[in-house]
Structures are given as C-alpha cells and as structure tokens.
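Only one structure is covered here, and it is reproduced in the block below.
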There are 2 protein chains.
Amino acid sequence: MVETKPGTNLLFLRDEDLRQGIELLFFAYRDFTAEGDTILSKQKFGRAHHRVIYFVGQYPGMSVSNLLDILSITKQSLSRVLRQLVDEGYIDQQPGTRDRRQRLLTLTAKGKELEQLLTSEQRARIAAAYKNAGADAVEGFRKVMLGIMEDSARHRFNEDKT
Amino acid sequence: MVETKPGTNLLFLRDEDLRQGIELLFFAYRDFTAEGDTILSKQKFGRAHHRVIYFVGQYPGMSVSNLLDILSITKQSLSRVLRQLVDEGYIDQQPGTRDRRQRLLTLTAKGKELEQLLTSEQRARIAAAYKNAGADAVEGFRKVMLGIMEDSARHRFNEDKT
DNA sequence: TTTATAAGTCAGTATTATTGACATATATTA
DNA sequence: TAATATATGTCAATAATACTGACTTATAAA
C-alpha cells in the first residue's frame with residue numbers, strides 16, 4: 001500500500017494512499033461508535049451523553065469549562081445534556097475548593113455503571129484490534145493518530161514521553 | 001505505553017492502554033472533521049453533505065442503496081441531503097443501464113470542485129501525519145484501523161491483499 | 001402474474017448543535 | 001474598595017441530522 005523509497009525512510013504518498021487514510025478513519029470511527037449509540041438510544045440518551053459520561057469518568061472532578069474544551073461545543077449545547085445527567089443522578093456537581101465558581105463533575109455510582117456498560121464494548125474492540133495487529137503496529141497507530149490531531153490535543157498523550 | 005512481553009509478540013493490554021485508544025480515536029476524528037465542517041457551514045451544507053460528496057466522488061456511478069450502506073443511515077435521512085445536492089447542481093443522477101430502477105450518482109464539475117476543496121485539508125493532514133510517522137507506523141495504523149472496523153467494512157481495503 | 005427490490009415521498013418527532021442576550025456568583029486587578 | 005474578568009447557567013430562536021412509519025412508483029425476478 002504505502003512503499004518506502006529503497007534505502008530511505010521516505011514515503012511515496014500516492015493520492016490513493018491518502019484517500020484510503022480518509023476512509024480508514026471514517027469506517028473505523030463509524031463502527032467504533034455504533035454500538036454505544038444503540039445502547040444509549042434505549043435510555044433516551046445520545047452520543048453527546050456518552051461523551052460526557054466518558055470524559056467525566058476518566059477525569060473525575062473536571063470543571064465544566066474543561067469539558068467544553070474537550071468536546072469542542074458551546075456551553076448551551078452541553079447544558080441540556082449535563083442537566084439531564086445531573087437530574088437523573090448520573091453525575092454529581094460540587095463547587096471547587098480553590099475556585100468556588102467552578103462546578104466540578106464526578107460520576108455517581110449509577111453513572112459509573114453506565115460508563116462501564118458503554119465503554120466495555122469499545123475497550124473490547126480496541127483490545128481485539130491491538131492484539132491482532134501486534135505491539136509494533138499499535139505503536140505506529142499511536143504515532144499516526146497523534147499526527148492527525150491538533151497540536152493542542154496532543155499533550156494529553158505525552159505523560160511518559162521521557 | 002504498550003509493552004511487549006519479552007521474547008514474545010504478545011501485548012500486555014492495560015486498562016490505561018485501552019482508555020488511550022478510545023481517546024486517540026476521539027481526538028483524531030474530532031480534529032480531522034472540524035475544518036471541513038467549518039467550510040461547509042459557510043455554504044449552508046453540513047457534514048452529511050460532505051460525506052455524500054466524498055463517497056460519490058470516490059465511487060462515481062454508485063447507486064443510492066450502496067451509498068446508504070456506506071453511510072449507515074436511512075433513506076429518509078439521505079433524501080433531503082441528496083435532493084439539495086442534486087437540485088443545486090453538485091450531483092447528477094442517471095438511470096442504471098443494467099437495472100433501470102437504480103439512480104446512479106456522479107459528481108458534476110461543480111461537485112468535483114467542492115469535493116477538492118473539502119478533502120484537500122484532510123489529505124494534507126493525513127499526508128503530514130504519515131510523513132512524520134514513517135512507513136512502518138503507517139502500516140501499523142492500517143492494521144489497527146482495519147481491526148477496529150466491522151468485518152463487513154474491511155473488504156474495501158483488501159484490493160491488493162495478494 | 002405475483003412478489004421483491006430500488007428509489008422516492010410525506011408526516012411527525014428527537015437529538016445535537018448553533019448564535020445572541022443576559023444573569024449570578026466569585027475571583028482578580030487597579 | 002471599585003471595576004473588571006471569569007465560570008457557570010439560562011432563555012429563546014433556529015438549523016442540521018437523524019429516526020420511525022406509512023405509502024407510491026417503476027422495474028426486475030420468480
């Protein structure tokens with residue numbers, strides 16, 4: 001598919017390779033999100049709820065503005081979704097100790113349960129793909145994905161970049 | 001991040017690795033689609049139009065039902081989008097020769113122009129990520145992405161699988 | 001001739017998202 | 001302290017995407 005110039009590490013990037021890259025992203029993401037959406041639609045929630053549940057689960061105590069940055073949506077858009085999740089007991093809000101204007105978000109037990117339900121299929125899907133592809137391939141996957149995202153998002157993945 | 005068991009090709013898949021995989025997909029896809037969406041919103045079109053333009057551009061003469069399969073949406077959802085694109089002269093429809101019930105789709109010159117505008121940034125983004133990551137990483141990226149998508153989507157990428 | 005398929009349409013509804021305009025509480029700065 | 005900025009929330013109006021269900025038309029296949 002993608003060939004190395006003999007004796008170098010350069011790539012010949014044909015149009016076809018780039019087209020394929022676009023489609024790899026489209027189909028992988030489509031199938032990656034499909035099942036979670038199905039589960040949620042049975043609970044009157046949508047993909048937006050999934051994302052909120054997911055990120056609050058991963059970063060307990062995160063602020064609303066932090067969540068807005070991650071999701072790249074407006075606070076009015078987040079508002080309805082967050083309100084539902086708080087009202088129905090999936091998410092807790094508590095004022096920040098350092099800055100009492102903040103409303104720090106955490107999952108309740110009920111929220112954690114839903115988070116597990118939603119991400120377990122995605123984790124299994126990633127695990128299967130990783131195992132099948134092998135460790136070197138996973139490292140390549142990481143490199144390319146980091147290259148595709150914006151610089152501003154990349155820092156999240158740099159913890160142990162010794 | 002992901003480590004090989006010494007002497008084997010197996011992976012230790014920690015929860016943290018799987019969580020990271022989920023986020024790599026989320027952030028890469030978010031940033032990959034953001035600019036195209038911005039361009040389109042200036043023309044009263046949205047991401048759905050983008051996808052239609054893209055796939056019709058890549059597979060000229062594709063049928064409506066084929067497009068529906070790819071997009072995984074209902075024909076009622078596609079209908080509005082397709083109608084707009086046909087009415088405004090971006091896409092041509094012509095009856096199939098073998099099966100005259102079909103309405104085969106192709107881009108007009110105007111459609112091709114928009115397709116170029118929309119995908120050029122995505123191609124550039126992929127090209128930069130590929131170049132930076134190197135040929136081996138790209139091969140790993142392909143393997144993992146193919147593993148993430150459904151079996152039914154994988155055949156698209158198997159042309160030269162000798 | 002009956003049945004199935006490809007495509008399209010009409011109606012109703014839900015979800016996600018936007019912009020704009022304000023309001024409240026708290027923090028920071030002059 | 002007073003003025004300003006920030007974090008969050010809310011109201012209202014609107015748009016885009018998507019769904020289900022019920023039909024219709026044309027053509028193909030059994």
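Excluded from the calculations below are hydrogen atoms, water molecules and symmetry mates; all remaining heavy atoms, backbone and side chain alike, are included. Throughout, protein chains are lettered first and strands after them, A, B, ... in sequence-line order, and every chain is numbered starting at 1. Note that the structure is predicted; figures quoted are calculated from it, not measured.
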Q.
Check this one for me: any side-chain N or O of A:Arg80 less than 4.0 Å away from OP1 or OP2 of C:dT16?
A. yes
Are the charged groups of B:Glu115 and B:Arg123 less than 4.0 angstrom apart, N to O? yes
Between the main-chain N or O of A:Asp37 and the side-chain N or O of A:Arg47, is there a donor-acceptor pair closer than 3.5 Å?
no
Residues of residues 63-71 of chain A with a heavy atom under 4.0 Å from any atom of DNA chain D, listed by number, are A:Ser63, A:Val64, A:Ser65
CD1 of A:Ile70 to CD of A:Gln58, rounded to nearest 0.5 Å, is 10.0 Å
Rounded to whole Å, the NE2-P distance (B:His50 to D:dA16) equals 17 Å
To the nearest angstrom, the CG-C1' distance between B:Leu40 and D:dT17 comes to 14 Å
### Message
With no hydrogens and no angle check, just 3.5 Å: does a side-chain donor-acceptor pair link B:Tyr54 and A:Glu23?
### Response
yes
Electrostatic pair A:Lys110-A:Glu113, nearest N-O below 4.0 angstrom: no
Minimal heavy-atom distance between B:His50 and B:Thr119, with the atoms involved, is NE2-CG2, 4.3 Å
Check whether any side-chain heavy atom of B:Leu114 lies under 4.5 Å from a side-chain heavy atom of B:Phe45, and answer yes or no. yes
- prompt: Would you say the side-chain atoms of A:Arg154 pair up with the backbone N or O of A:Leu146, donor to acceptor, closer than 3.5 Å?
  reply: yes
Heavy-atom nearest nucleotide on DNA chain C taken for A:Ser72 and for B:Ser79; more 5' hit belongs to B:Ser79
May I ask you to say what A:Gln84 touches in the nucleic acid, namely base, sugar-phosphate or nothing, with a heavy-atom cut-off under 4.0 Å? nothing
* Without swapping roles, check the side chain of B:Ser63 against the backbone of B:Gln102 for a donor-acceptor pair under 3.5 Å. => no
Mind checking whether A:Glu121 and A:Ile39 have side chains closer than 4.5 Å, heavy atoms only?
no
*Touch check for B:Arg47, heavy atoms < 4.0 angstrom, all strands: base, sugar-phosphate only, or nothing?*
sugar-phosphate
Of A:Ala48 and B:Leu104, the one whose closest nucleotide on DNA chain C sits nearer the 5' end is B:Leu104
- In terms of ring plane angle, is the pair B:Phe32 and B:Tyr29 parallel, tilted or perpendicular, where the classes change at 30° and 60°? tilted
Taken to the nearest whole Å, CD/A:Gln94 to C1'/D:dA7 is 16 Å
Open item on the list: What's B:His49 touching, base or sugar-phosphate or nothing? Going by heavy atoms closer than 4.0 Å.
Closed with: sugar-phosphate
Give a yes/no on whether any side-chain N or O of B:Gln102 is located under 4.0 angstrom from OP1 or OP2 of C:dT5.
no
The single option from A:Val81, A:Val52, A:Thr108, A:Thr106 that satisfies side chain to side chain contact (heavy atoms under 4.5 Å, CB included) with A:Ile91 is A:Val52
When the rotation axes relating C1' atoms of four end pairs to the next four are compared across the helix from C:dT1-D:dA30 to C:dA30-D:dT1, five pairs an end, they differ to 10° by 30°
In whole angstroms, the gap separating C1' of C:dT15 from CG of A:Leu82 amounts to 16 Å
When we call it a touch if two heavy atoms are under 4.0 Å apart, what does B:Arg83 touch: a base, just sugar-phosphate, or nothing? sugar-phosphate
**OP:** For C:dA17, take OP1 and OP2 only and decide whether either is under 4.0 Å from a side-chain N or O of A:Arg51.
**Re:** yes
Each nucleotide of nucleotides 20-30 of chain D classed B (base within 4.0 Å of a protein heavy atom), S (only sugar-phosphate) or -, in 5' to 3' order, makes BBB---BBS--
Separation of C:dA6 atom C1' from B:Met62 atom CE, nearest Å, is 14 Å
